[in-house]
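The basis for the numbers below is simple: all heavy atoms, side chains too, and nothing from hydrogens, waters or symmetry mates. We name chains A, B, ... by the order of the sequence lines, and we start the count at 1 in each one.
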Amino acid sequence: MARARCLMDEHTFTHNFPNHKRTRKTYLCYEVEILCGDSGLPPDEDKGFLCNKGADQPGLPCHVELYLLERIRSWNLDRKLHCRLTCFISWTPCGTCARKLAEFLKENSHVSLCIFASRIYSLHDYEAGLRTLQEAGAQIAIMTFKEFKHCWETFVDHQGRPFQPWDELDVNSQGLSKELQAILQTRQN
DNA sequence: ATTTTCAAT
């Protein structure tokens, strides 16, 4: 029996995804696409969203990217089929998570990863991490109006309401995009 | 309890 896919609460989206905010939570929406084949995934499990576990919650904290890897592995996808994974994430991966994603991509050549991020998480070794992830084949870009609208329409329980952009959406997106390009174009030493 | 980046102070 098909069960309804869990949608993100409207306020979760409007509090966490806008690119003029800085939040202590990180949300990640994903879509899986199997090229030339059936994923074998149950209906409605090819799209979903995840959130990190913060230091304010019981147990060990965990960045959302690690939950994503856990989930991908749980699908046991056919390695003979090419899987395209698209993620929309409120912060770019930290250096450690970026390296773990890169390692996963190297070990799983049947999976390609495309990341759209709202904001750039810029602490510690984030720049080298993002470059490592790109070198492992991931595409990394900043979310634009198109991606925010797509997320709203695809993952949010919007009750029929249309996506409402905020004032600084385009300006921030363009600025962050330039910043990301500069990071990714820098040569590693 | 406060702060303004997946907490840290």
Return all side-chain donor-acceptor pairs below 3.5 angstrom for residues 170-179 of chain A, not counting sequence neighbours, or 'none' if the list is empty.
from, atom 1, to, atom 2, distance (Å)
A/Asn172, ND2, A/Asn19, OD1, 3.3
A/Asn172, ND2, A/Glu168, O, 3.4
A/Ser173, OG, A/Met143, O, 2.8

Gap between atoms CD1 and P, on A/Ile120 and B/dT5 respectively (whole Å): 14 Å
Watson-Crick and G-U pairing of DNA chain B written in dot-bracket, each distance under 3.5 angstrom, with | for inter-strand partners: ((.....))
Side chain to side chain donor-acceptor pair (under 3.5 Å) pairs, two or more places apart, involving residues 50-62 of chain A: A/Lys25-A/Gln57
Heavy-atom pair with the smallest gap, counting every atom of A/Leu184 and A/Ile140: CD1-O, 4.0 Å
Atom-pair distance (CG on A/Leu123; C1' on B/dC6), nearest Å: 10 Å
A/Leu77 and A/Ile34, any side-chain heavy atoms less than 4.5 Å apart: yes
Atom-to-atom span, CG of A/Asp56 to C1' of B/dT9 - whole angstrom: 15 Å
N/O donor-acceptor pair under 3.5 Å between A/Ser90 side chain and A/Ser118 backbone: no
A/Phe49 CZ - B/dC6 C1' separation (whole Å): 16 Å
Quick test: give all pairs of protein nitrogen or oxygen and nucleotides 2-4 of chain B nitrogen or oxygen below 3.5 Å, distance rounded to 0.1 Å.
from, atom 1, to, atom 2, distance (Å)
B/dT3, O2, A/Arg24, NH2, 3.1

Length of the line joining A/Ile142:CD1 and B/dT5:C1', which is rounded to integer Å: 13 Å
Separation of B/dC6 C1' from A/Phe17 CZ (nearest whole Å): 13 Å
Residues in side chain to side chain contact (heavy atoms under 4.5 Å, CB included) contact with A/Asn108, at least two apart in sequence or another chain: A/Arg79, A/Phe104, A/His110, A/Val111
Rounded distance in Å - CG (A/Leu50) to P (B/dC6): 18 Å
Shortest non-hydrogen contact from A/Cys51 toward A/Tyr67: O-CD1, 3.5 Å
Test of ring centre spacing under 6.0 Å for A/Phe88 and A/Phe17: no
Touch class at under 4.0 angstrom, heavy-atom based, for A/Thr92 against every strand present: base
Interatomic distance, A/Leu69 CG vs B/dC6 P [rounded to whole Å]: 19 Å
Test side chain to side chain donor-acceptor pair (under 3.5 Å) applied to A/Gln134 - qualifying residues, sequence neighbours left out: none
Pi stacking test for A/Trp91 and B/dT5: under 5.5 Å apart, planes under 30°: yes
